[in-house]
Amino acid sequence: MKFEGASILSVSQFERADIDTIFHVANHMEPYAQRQKRTRVLEGAILGNMFFEASTRTRISFGSAFNLLGGDVRETVGFESSALAKGESLHDTARVLSGFSDIICMRHPEPDSVADFAKSSRVPVINGGDGSNEHPSQALLDLYTIEKELKGLGRKIDGLRIAMIGDLRHGRTVHSLSKLLMLFNNISVQLVSPKDLAMPKNIVEDMRSKGLSVIESEKIESSISHVDIVYSTRIQEERFTSKDEADLYRGKFRLNQAIYTAHCEPNTVIMHPLPRDSREEANELDIDLDGNPSLAIFRQTDNGLLVRMALFAMTLDVVHLVEKNSSDVPWHNLR
Ligand code: NCD
């Protein structure tokens, strides 16, 4: 695809070559993200960061990625504190805010709302999560992490064996990741969820028609025993009608060190888009895994910065200028 000036709304926009390009650019962002060098390539540019749903890492990660390229960030957080609560349409909001910004990141509880917003925006829009539909930047950073982790084990994404666990019905990260995996060869996917929270049928059918091997199950132990990646997810409480309904499913699929040792192959990589629900009744990834070198959850968040920097540099067409606008970091770098 042509990235310059493009909105990024769904992973379905990408071909395999696009993924290679994004990852290549992301690799080049490492010295800037690690503060070995700094670049001012986006000096004067403004990111409109609009999050109408709870977020910590995605919002801060997009904002920090933009800052790391030298740009400024303006934020709107929460529906109630925005004019949407006064009845303003997404169309009007997009017309107004795209006059203030060079690019917009948006999260919204309604599926397809970010794409609707993008139609009325004069600047590129990046989907930071539209309800239970998609979360393209998360899927890219997840796949980037998978590639890096597998490389350390002498493997590639082609041939990947992955188990996705938890609320696969509402989890937009697993929807986007499943779609991205359709671009690769020889992929085996174990989908582990309660029946009511199964991966949407159309995604499963698409995966199968693209040649992926897909097995659906309600048992975590047998599903994690022959995979390279265990990708755990949270019960998406905010998509249920009540907390009580979400409670019915919480804590059903727990991974801790004892289960990992008993069932996983050595070096099986553990991932989660975060936040992990660490409350006793959920505890999908126990903190006793924190000492396990295969726990990649904090490498995922670090990689997210690189991938989001790459997306900004590519959509604003400054990839070739990043280096030219760089200088040494004058402060004491503790990283
Ligand atoms: C995810 C999301 O918002 O979809 N979080 C994130 O962006 N890293 C997953 C979640 O909230 O469970």
Side-chain angles (χ1 to χ4, degrees), residues 8-11 49-66 75 77-79 105-115 125-146 162-180 191-194 197 199-200 203 229-240 243 245-247 249-255 270-279 281-285 295-309 311:
I8 297 184
L9 304 170
S10 161
V11 294
N49 216 13
M50 303 168 57
F51 277 69
F52 298 120
E53 231 188 7
S55 171
T56 306
R57 84 218 72 235
T58 305
R59 179 171 60 86
I60 309 282
S61 171
F62 271 125
S64 302
F66 208 75
E75 297 208 326
V77 176
F79 189 81
C105 292
M106 186 174 169
R107 172 172 286 187
H108 193 284
E110 283 301 314
D112 299 322
S113 54
V114 181
V125 177
I126 301 184
N127 182 359
D130 59 326
S132 57
N133 185 33
E134 277 229 35
H135 194 343
S137 67
Q138 178 72 41
L140 287 169
L141 79 86
D142 287 339
L143 195 65
Y144 182 74
T145 304
I146 291 172
I162 183 170
M164 297 186 204
I165 301 169
D167 185 353
L168 307 182
R169 176 177 172 196
H170 303 107
R172 53 194 170 201
T173 73
V174 283
H175 298 168
S176 290
L177 183 58
S178 299
K179 292 179 193 174
L180 264 192
L191 300 175
V192 188
S193 70
L197 303 185
M199 180 72 81
I203 299 181
I229 308 277
V230 173
Y231 188 102
S232 171
T233 66
R234 178 179 69 87
I235 299 299
Q236 306 282 292
E237 180 178 329
E238 61 277 32
R239 310 277 174 241
F240 290 82
K243 182 178 176 297
E245 198 194 347
D247 281 342
Y249 304 105
R250 237 190 284 272
K252 284 229 182 314
F253 303 114
R254 296 166 188 258
L255 187 63
I270 308 161
M271 294 176 59
H272 192 299
L274 300 182
R276 58 177 153 171
D277 187 343
S278 293
R279 288 171 289 191
E281 62 273 25
N283 207 20
E284 58 237 359
L285 275 190
L295 185 78
I297 55 177
F298 302 118
R299 295 194 284 276
Q300 280 172 269
T301 50
D302 285 349
N303 289 335
L305 262 188
L306 306 177
V307 168
R308 293 184 171 116
M309 288 172 80
L311 292 178

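One-based numbering, in listed order, for ligands and for the atoms of each.
Counting only distance, with no hydrogens or angles, the side chain of Asn127 and the backbone of Pro136 share no donor-acceptor pair below 3.5 Å.
Relative to atom 9 (C) of ligand 1, the option among Val174, Thr233, Leu274 with the closest non-hydrogen atom is Leu274.
Here the closest non-hydrogen pair linking Pro273 and Thr233 is CD-CG2, 4.3 Å. The two residues Glu134 and Ser10 make their nearest non-hydrogen contact at OE2-OG, 2.6 Å.
Counting heavy atoms closer than 4.0 Å to ligand 1, residue Glu53 contributes nothing at all.
In terms of polar-atom proximity, Thr173 is not counted as a contact of ligand 1, lacking any N or O under 3.5 Å from an N or O of the ligand. Below 3.5 Å of separation, one finds no N or O of Pro275 facing any N or O of ligand 1. Residue Thr58 has at least one nitrogen or oxygen atom sitting less than 3.5 Å from a nitrogen or oxygen atom of ligand 1, judged on distance alone.
Distances below 4.0 Å separate heavy atoms of Gln138 from the following atoms of ligand 1: 6 (C), 7 (O), 8 (N).
In this structure, His108 and Phe52 have perpendicular ring planes: the angle between them is above 60°, well past the 30° mark.
Protein heavy atom at the shortest distance from atom 4 (O) of ligand 1 is Arg172 NE, 2.7 Å. Looking from atom 11 (O) of ligand 1 to the surrounding protein, the closest heavy atom is Arg234 NH2, 2.9 Å.
The environment of CZ in Arg276 is crowded: more than 12 heavy-atom neighbours from other residues, nucleotides or ligands sit within 6.0 Å.
Within the 4.0 Å heavy-atom cutoff, Pro273 counts among the residues contacting ligand 1.
Of the options Arg250, Lys252, His272, a side-chain hydrogen bond (donor to acceptor under 3.5 Å, both in side chains) to Glu284 is made by His272 and by none of the others.
Remark: Arg107 is not positioned above the aromatic ring of Phe51, lacking an NZ or CZ atom under 6.0 angstrom from the ring centre and at most 45 degrees off the axis.
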